Amino acid sequence: MIAIPKNELCIFLVDDQEITNFINKKLIDVTGMCNKVYDFLEPAKALDHLEQHQPNLIFLDLNMPKISGWDFLEKMENYNTSADVVIVTSSTSVLDKEKAKTFSRVKDYYIKPLKIDAVRELISKYQ
């Protein structure tokens, strides 16, 4: 079996639930499509590493303490990054889906939990 080389795609997982980050990281790993995945339980720490690691893609939860996903998106505007964002949330609110469309960095909106097919599709879009 020939190993397919992983690309240089960099993904941030920003979710205050450790189990969600763990599962999403495993799903990404199973695809074999990306080897640079950083997970953050605290959005502030993700922001601190944004310019250093320059992620291509951020999987972002909305409902987090201290800094919500909405706050994170607003703060991102002050950073030198071209990262695209995929909202990965438990919120099924139509209002949240509409609000997400007002942020140019938000490219997709998914309801937790992510499935392997969705992860493959998302990574393919950003390779």
Side-chain angles (χ1 to χ4, degrees):
M1 175 182 250
I2 298 173
I4 299 170
K6 296 178 181 180
N7 65 21
E8 292 302 314
L9 182 71
C10 178
I11 299 174
F12 274 20
L13 306 175
V14 183
D15 195 308
D16 63 314
Q17 294 180 356
E18 189 171 358
I19 189 68
T20 299
N21 282 341
F22 176 80
I23 291 168
N24 288 341
K25 196 170 194 178
K26 287 295 181 190
L27 287 172
I28 292 166
D29 189 48
V30 166
T31 70
M33 299 169 76
C34 179
N35 64 349
K36 287 186 181 180
V37 181
Y38 301 92
D39 58 296
F40 300 93
L41 297 174
E42 298 175 30
K45 289 187 179 181
L47 288 168
D48 289 344
H49 289 89
L50 202 55
E51 291 179 344
Q52 176 187 357
H53 294 291
Q54 288 297 319
N56 306 86
L57 186 58
I58 299 172
F59 290 3
L60 179 66
D61 187 23
L62 292 179
N63 301 311
M64 297 179 286
K66 296 182 185 173
I67 297 177
S68 71
W70 304 122
D71 296 334
F72 184 92
L73 287 165
E74 289 173 8
K75 290 176 184 292
M76 266 184 76
E77 296 302 320
N78 298 320
Y79 290 82
N80 181 23
T81 182
S82 60
D84 289 323
V85 176
V86 173
I87 302 293
V88 181
T89 182
S90 57
S91 174
T92 58
S93 167
V94 174
L95 296 176
D96 282 345
K97 288 178 184 178
E98 290 303 313
K99 184 174 182 177
K101 293 176 184 176
T102 67
F103 291 89
S104 62
R105 292 191 186 282
V106 175
K107 304 303 180 192
D108 283 298
Y109 190 104
Y110 283 84
I111 306 300
K112 292 179 186 178
L114 283 177
K115 305 278 190 268
I116 190 68
D117 291 340
V119 172
R120 280 192 184 108
E121 180 182 321
L122 286 167
I123 292 173
S124 292
K125 283 184 188 179
Y126 298 95
Q127 283 186 319

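This is a predicted model, so every value here is computed, not measured. Here, residue 1 is the first one in the sequence, and each next residue gets the next number.
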Problem - K75 atom NZ, over 12 foreign heavy atoms within 6.0 Å - result: no

Exercise for the section: Give the C-alpha distance, both sets of side-chain angles, the deciding distance and a yes or no for salt bridge (Lys or Arg N to Asp or Glu O under 4.0 Å) between K125 and D108. Expected result: CA-CA 11 Å; K125 283 184 188 179; D108 283 298; 3.1 Å; yes

Exercise for the section: Taking all heavy atoms of N56 and all of E8, pick out the closest pair and write down the distance. Expected result: OD1-O, 3.9 Å

Exercise for the section: Look at the side chain of R120 and the backbone N and O of T31, then say whether any donor-acceptor pair between them is shorter than 3.5 Å. Expected result: no

Problem - Q54 side chain to N80 backbone, donor-acceptor under 3.5 Å - result: yes

Exercise for the section: To the nearest 0.5 Å, tell me how far Q17 CD sits from N63 CG. Expected result: 9.5 Å

Practice task
For the residue pair K101 and V106, establish whether any side-chain heavy-atom pair is separated by less than 4.5 Å.
Solution key: no

Practice task
Tell me, yes or no, whether the heavy-atom count around K45 atom NZ, taken from other residues, nucleotides or ligands under 6.0 Å, exceeds 12.
Solution key: no

Problem - H53 versus C10, closest heavy-atom pair with distance - result: O-SG, 3.8 Å

Problem - From CA spacing to verdict: side chain to side chain contact (heavy atoms under 4.5 Å, CB included), I87, L73 - result: CA-CA 10 Å; I87 302 293; L73 287 165; 4.2 Å; yes

Practice task
Check step by step if side chain to side chain contact (heavy atoms under 4.5 Å, CB included) holds for F72 and D61.
Solution key: CA-CA 10 Å; F72 184 92; D61 187 23; over 6 Å; no

Handout entry: Greater than 12 external heavy atoms within 6.0 Å of E18's CD
Key = no

Fill in the blank from the handout: On a heavy-atom basis, the closest approach of D15 and V88 is OD2-O, 4.4 Å

Problem - Side chain proximity check, M76 to V85, heavy atoms < 4.5 angstrom - result: yes

Practice task
State the CZ-CG distance between F59 and N21, to the nearest 0.5 angstrom.
Solution key: 11.0 Å

Problem - Beyond-backbone contact of T92 with I111, side-chain heavy atoms, under 4.5 angstrom - result: yes

Exercise for the section: Please say whether more than 12 non-hydrogen atoms of neighbouring residues, nucleotides or ligands are located less than 6.0 Å from NZ in K26. Expected result: no

Completion exercise
One should read off an interatomic distance between L114 CG and L122 CG, to the nearest 0.5 angstrom, of 7.0 Å

Problem - D96 side chain near T89 side chain, heavy-atom distance below 4.5 Å - result: no

Handout entry: D48 side, atom CG; F40 side, atom CZ - distance, nearest 0.5 Å
Key = 8.5 Å

Exercise for the section: Indicate, with yes or no, if the rings of Y38 and H49 have centres closer together than 6.0 Å. Expected result: no

Exercise for the section: Answer yes or no: is there a side-chain heavy-atom contact under 4.5 Å between L50 and I58? Expected result: yes

Exercise for the section: Identify whether the distance between the nearest side-chain nitrogen and carboxylate oxygen of D16 and K66 falls below 4.0 Å. Expected result: no

Practice task
Evaluate the side-chain proximity of K115 to Y110: yes if any heavy-atom separation is below 4.5 Å, no if none is.
Solution key: no

